[in-house]
Every structure is written in C-alpha cells, then in structure tokens.
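Residue numbering restarts at 1 for every chain, and letters A, B, ... go by the order of the sequence lines. Any value given below was found using the heavy atoms of this structure, including those in side chains, with hydrogens, waters and symmetry copies removed.
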Amino acid sequence: MIKYPLKLKLVIFFSLIIVVICTALGFTFFSQTKTVLLENFTKRGLILAENTAYNSRYGVFSEDLVILQDLIQGVLQVEDVVYVAISNPSGDILAQKSKQLPDEFDEGAPDLPQIRKKAFTDRIPSVKSYLAKDGRRLYDILAPVMKSTERPRGFPTELLEERFEKPGTPGSVIQGFIQVGMSPELLNQQIRKVLGISILVTLMMMMGGVGLVYFVSKHNVRPLETLAMIAQKIGSGDLSQSAPVTSKDEIGELTTIFNQMTHSLKARDQQIKERTDQLEILNRKLTNLNLTLEERVKARTKELEGVIRQVNNEKRKTERIIHDIADGIIVIDVNERIILINPAARKMLLGSIDASDAKDLSLFSHIPHLQEIFLNPSEVAMREIEVHDPGRASSQVITAVSAPLKDHWGHLSGKVAVLHDITALKEVDRLKSEFVSQVSHDLRTPLTVIKGYIDNLQDGIGGDLTERQKNYLDRMSKNAGRLVRLISDLLDVSRMESAKLELNLTMLSLQGLIEEVVNAIRPITVEKKLKVILNKFEENSLLQGDRDKLEQVITNLLDNAIKFTPPGGQITITLQKEQQVLKTTIKDTGIGIPPEEQPRIFERFFQVERASSTHEIGSGLGMFIAKNLIDLHGGQIRVTSEVGKGSEFSFTLPIISSCR
Amino acid sequence: MALKRDPPDLILTIGLWATRVAKENFQKIPIIFSMVFDPDRFSIFGENITGVTLEVSASEIFSQIRDLFPEAKKIGVLYNPKKTGRRIEQAEKAARALEVSLISVPVHSEKDVPEGLRTLQPKIDLLWLVPDSTVITPESVDFLLLTSFENNIPIVTFSDGFVRRGAAASFSADYHAVGEQSARLALSILQGEDPARLAIRPSKKIRLSFNLKIVKKMGVRFNPKVLQTADKIYD
C-alpha cells in the first residue's frame, strides 16, 4: 500500500473543495452575467425600437423619406444595430437601411419585414431571434408607431376646429412599425470577455486557494512531521529526543504532551531496567530454588506415593472390615440416599429378598420401625426391630443404633446406622427368665416351709430355747426373709419381663405411704445413725395407684439410700406437686454414682462397682423393679449424683392416674 | 333646436363651429361671432352676421418682429394656398411695404410639410407660422419645433401654446378684449343697429408671449425691451 503523507492528503482534499467551489462560483458568475447581458441586450433593443417608434411618429405620418432616413441613420449609429426598417401598418416598407447586409437589404427586395409578418398587428413591442442568410444569428425587434387620438395638450383648438375633428377619444392607433435588427456579435464579444475573466478569476482563486491550503497545510503539518520524526527516533529507542513547541494551538499542546510522554517513558524505561535487573536476580534465585524444589517434590512425591499406598491399604482394610463385619452398617446422606450398605446389613434386612434397585430408604419399607432411626438426622437413636423374613420360619431381632455423620468441617452429611443381630441373646434371655421364674417358684415353697418352722421355733412351739438357739434362729429368720424377698424380686422381674404384672389400682395418699415406709425402716436408720427428714411435704397427695407396688418402689429407693450412706449421714425426702404430677425426691449424702454408670443404674442385675466391693450385695434388681413399676404407673424416674457427695433419686406420678 | 322653437333676439357664438352652425340655421336673427381666425375662408359673412376675429394683421406682426428680432431679415412661411392663400397675399403686400423679405413656400398636403420646410430652412432667419391646418397638425408641431431648434431659426406664431412648447414668440388676440368687443357689438345691435352696417373687426389688443429660454439657447439676438413689454415670458 502506498503511504500518502498527511500534507499531500490535506492539500489534495482542500484543493479539490476549492476547485469545485471556484468552478461553481465561476460558472454561476458567468451564466448570471450572460443572462444579464442578454437581457440588457434585448432590453436595449426594445428601448431603442420603442424610442425610435416614438420619434418617427411624424416621419411615418408624413411618410417623409428624409425624416425617416435621418432617423434610421441615427439608430444605425448604435453599434449593435444591423438594420432598421420602417413600414406602414400593412407592412409595406417606407424606409429601410442596413449596415452590414447591403446585398440582402437592397431597396425593392424587402424580404426582411416578412420575418415578422404575423407580428404586424401587435401593439406591444417584441423580440424575435432568427438566423440570417449568412448564418448569423440576429435579433429582430419590432415596435409599433402609435398615434394618439387624443388632442395634444397645448394645441390650439381653433386649428382642430378647422379640420372638423371631433375632440379626440382616448386611445391610439397603429401608424406603422419600426423594425430594428440587432447583431449579438458585440454581446458575444462581451460574453466571451466575461467568460475569459471568469475563467481567469476562477483560476486565480483556485491557485490562490491551493497555494493557501499548501501553505497552511505545510505550516500546520511541519510540526507534526517533526513530531513524527522524533516519535520514530523515540520508537527506535532514542529517548533523548524532544520536539520543539512552535505553536500554541492543538499541535503545540500535542507536542507538549508528547514531550511529557517521552519524559515519562524515559522514567518508566529506567524503572523497567531496574526492575528487570531485580527480576533477573530473582529469576536466578528462583531457578536455584526450583532445582531444590524439584528434588524436594520428587522426594515428597515418593513419600506421598508410599502414604497413598498405605492409605489405600488402610482403606481396603477398612472396606474389608466393613464388608466382613458381622454387624450391619448403613450410611445415608442428607437426602436419605443410601451411600453404603455392607453385606451383613443386606443379609439382616433383606435376607432372601431380591435387592431392588432402590437406593434410598424405601428399600427397607417392609421393615417396621427401621426408618424411624433415620427420622431425626442430628440425634442418636436406638431401636429394637423385628425382621420377618418370608424365607425363614423365625423372625430376627436386631438393635439398630443410628448416629449423625459429620464431615470434615463438622457439617451434618448424613447418618450412619449399626445393626446388631440379638436374636440369639433374646432367646437366651427368654430361657434365663423362664429358668429364674421356675427356680423361684421351686425355691419359694420349701423356703416358706423353712420360714414357717423357724417362726414356730421362735414362738416356742418346739419347746424352750436357749439364748444361743434364739440367736441362731434370729439370724436364720432374717436370712430366710432376705431369701424370700430375693425370690419375690426375681418373680416380679420375670413377671415384668413376661408382661404378666398387673396393677391393683386404688385411691391412696402418697404422703401417708411414704410416712409408713419411713416408720417401717426406722429401726435400721436408727441403728445406722442416719437422719431421715421429710421436707416440703405436700399434704394433698391423693392419687390412683397400686399401694403394694408403690410401697415397694419407695422401700427399694430408701433401702438403696440407707445402703450407700455412711453412718451419721442424712436422707431427705421431698414431696412436691408439679403441674399434673407429684414429684418425690429421695436425696442422700452417700458415696454417689460415677456419671458413666448413671445411665445403667436402672438395668437388671446392675451393681455399682465400688458399692459392691464395700457393701452388702443386693440382688441388683431393686432399681430395675422401681423403674418398671413407675413406668407402669405412667411416671418417670431419674437419678442425679455426684461421687462423694450423694445421690438424688426422684420419681413422678400422675395425679390423675393414667396407668398402663 | 331649443333656439329654433323660441328664437332669441341675438346669437353670440364662440368658436368656428358654433358660428357655422348658427349661420346655417338662422338667417334673420343677428349673429355676433368671436374666437374665429379667418371668417372669410369659411364664408362667415352676411346681412345678419358680424363679429371679432382672432386675426392679427400681417403688417402688425412684421413690425413687431422687426422690433423684437432686429437681425431677422428673412422670414419664411409655409401655407396651403387653398386655406391661407389670401392671407399670404396680404402678408406679401405688407412685407413689401415694411421692406421685409418674406419667403413663402406652398404645401398641398400634410405630407409635403417636411419637404417644404427643408426647402425653406436654408433661406430664412425666422419662421412665421400662420394658422394653417395643413401645416400645423398635432403631428407636425414637434417636427416644426425640432427643425427650429436644430437650425437656430426662431418661430413666431399666433398661439401662446406653441411658445410654451418651444416657439420663440407669439402675437395673438387678447381673448378678454375679444370678449369685450363682442359684447359691445351685441349691445349696439340690441340698441337697434343693423348688423350689416357693423364691420367684422380684429381684436383691438394684441398679446405678446416670449420664450426667453429658447431664444437664449438659440443664441438669437433680441430686443431686451421685450422683457418689459411682453404679456407672458417663459423662462
């Protein structure tokens, strides 16, 4: 592509504009002038003809050749006029003379007026252009010679009277015609002259304009060129250059800004150089570091590979464990989709059922209660469930324990459930209960007989007793009583477990009942120097309940308190009304129960470890029975305790009994 | 015709037309005319007719011309013999008597006027225009005046109107005087005089109009006395 300098473009562009404008102006001027000249020409001809017509009135009237020729001669003095002809109203020539057409305009050969034959009735002067025989264009101007019919002003009336003329009527009549032939040669000369001048002036204007444009462009572009040159130098790296500011216009401003830019560029350049140096140093350091790093990365990668291998092994191991473990494991996510179920769980829950494609909890829809453990995702839930497998005759009993599953950040991510098959345990338990029940029954009968005979002996029915014998019998009686209670407890438990225990409900006063029990055990407390306080006792404590069973509960709890409270201790019993329940609290200053054992205190055969070592051994059934009896009454039993300070057992009973 | 139904004692006419109409219609009733140049030419005479003409006599005019333009020796005149022939005859007599050179050129139609004037022009110092309707027409007036200007030949004529338009001087009857004279004639007829015995007479008073401007322009010498005596001066 050819590169056109700005100056050239400017000059060409503005020159083109100037040329166009000048040409247009020149052309307009010329055509206007031409029109005006032509108009003037014909106007002049008309004025001349009209004037001649006016002046020739008398000549035409008197048809006097001398006057007419004089007149014609006068008109022919005008340069443009080629011929003059004067004719009467019917168009016959009275006089004529031609300047340049002698041959054509001989006397007696008046073909000229014929040109205007049609116009010889016109009262208005007219112009007609035509081509003469020699090919020249001529303008023929025709004007009528009018005669006024009015009496001329200042003319003596007496003379008119003499001619018997009536006073003139307004108007005029045509007396003849004047024809003036005009050659446009002079006009054309003028036009040519105007054309010449127009062209000359236009050319001069163009040249002047172009020159001016050239000068202005040069003047304006030179600083730009300088700037461009310097910019080029700067572009090639020579930052020492600066452009001279020669004007105060935009270019001057541009130059100033350019110089500022150059200056900033120089500064920037310097900075960049410094930075580059710094960077190079850094780069070198970095390269070194990189080398070290690479080695380290290599070493670490090797280590990591080992770790990954290890982790993978661990993972496989864990997976293996989960796969092989006898307990079932189910993991779900927050949307209750099963994300893990191990073969044990599958076997327990689905058994011979063809594992469907279901991936959510609907997979277990055939198992009652299982889904309940997943209901509250943030809670630990436990449930004993029975699974009936149509493929097997018996059903399985499973404990399902679910716990919330949290991710790395502690957010709830699902739930994990562990299933444990306790069918065998259940069966053992059942067998044990049956055994205990049978044994208890079998033991009670001979024991009752033994007790009877001991009573008889003590009553002296077997004869007088020595002090030693009495003493022996007392011990026997006490232990026999203990044995009876133990067996009775065992029977109660077995009844409870087989759900055979029934309540015998009557209206009773809890306060009275508590007082009775306290009185009954008073000998023991006195013996053990324990202080028993009835505190904040609620007077109105009527409720519906099984008197014997509630007595047993209170006895068990008090026995417990006495058992674990060292001599000189204190037992405080409180009875309070709380909304719809009566709350009984038994607080001791005993040895207390460690927190980890508190939840198990109400289990069967549970013995607090420390207690068992230092105190007399109970059946381990007292608390279990108490809890079950309170449950049967629709109440609740709780324990709070602190090791070394004492325990506090409390149970509630509904005032309006809603026993099971 | 109203006059015919109830004939008056006397008819006073003003102008040629009125006079001719009256003369043709009334032969018994006395007619007194006025404002007529040449009653003879139109046969305005008879037992019952008398009046005052506008004519100024040639001898009067020539003497006045001699007084006014002392250097004008040769006086030219154009006339139609049929119209003003008799008057020119009288004028030639008067000219001879006053030793004035009168050059008369007859014209027979209006178209002869330019040619006649061209014949006359080189021979004369002054052009006298007589009231001849062949020579003086609305068309010819300008030509006559123009020829006068071009050749520095002053025109002496009979109407103040021409002086206003460019003639050098005019000698005309005073219209007021003509009126007064007509009235006196009428009075004497009504007092019993016979019209036939009362002669047709010219105006007693002559008005002189002088165009100072044109005369000065022509460079013609004139008697400065005229500036006092002239009735009207166009300046």
K.L.:
Mind listing the closest non-hydrogen atom pair of A:Ser62 and B:Glu110 along with its distance?
P.N.:
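Taking A:Ser62 first and B:Glu110 second, the nearest heavy atoms are CB-O, 4.3 Å.
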
K.L.:
Restricting to side chain to side chain contact (heavy atoms under 4.5 Å, CB included), what partner residues turn up for B:Gln64, sequence neighbours left out?
P.N.:
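Result, side chain to side chain contact (heavy atoms under 4.5 Å, CB included) vs B:Gln64: B:Glu60, B:Phe171.
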
K.L.:
Which residues pass the ring-ring contact (aromatic ring centres under 6.0 Å, His included) test with B:Phe62, sequence neighbours left out?
P.N.:
B:Trp128

K.L.:
Should B:Glu115 and A:Leu65 count as side-chain neighbours, where that means a heavy-atom distance under 4.5 Å?
P.N.:
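Contact flag for B:Glu115/A:Leu65 side chains = no.
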
K.L.:
Below 4.5 Å, heavy-atom pairs only: which of B:Asp160, B:Val113, B:Asp142 has the largest tally toward chain A?
P.N.:
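So the answer, after comparing B:Asp160, B:Val113, B:Asp142, is B:Val113.
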
K.L.:
Mark yes when over 12 heavy atoms from residues, nucleotides or ligands other than A:Arg137 sit less than 6.0 Å from its CZ; otherwise mark no.
P.N.:
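More than 12 heavy atoms, drawn from other residues, nucleotides or ligands, come within 6.0 Å of this atom.
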
K.L.:
Is the shortest heavy-atom distance from the side chain of A:Val66 to the side chain of B:Arg118 under 4.5 Å?
P.N.:
yes

K.L.:
Can you confirm whether B:Phe149 is buried at CZ, in the sense that more than 12 heavy atoms of other residues, nucleotides or ligands lie under 6.0 Å from that atom?
P.N.:
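Buried by this count: over 12 neighbours within 6.0 Å.
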
K.L.:
Quick one: pull up OG1 in B:Thr147 and CD1 in A:Ile67 and give me the separation to the nearest 0.5 Å.
P.N.:
7.0 Å

K.L.:
What residues of residues 53-60 of chain A sit under 4.5 Å from chain B when only non-hydrogen atoms are counted?
P.N.:
A:Arg57, A:Tyr58

K.L.:
So A:Phe61 and B:Thr137, side-chain contact (heavy atoms from CB on, under 4.5 Å) or not? Walk me through it.
P.N.:
CA-CA 11 Å; A:Phe61 169 74; B:Thr137 61; 4.1 Å; yes

K.L.:
Which residue pairs pass the salt bridge (charged side-chain N to carboxylate O under 4.0 Å, His left out) test with at least one member in residues 121-130 of chain B, sequence neighbours excluded?
P.N.:
none

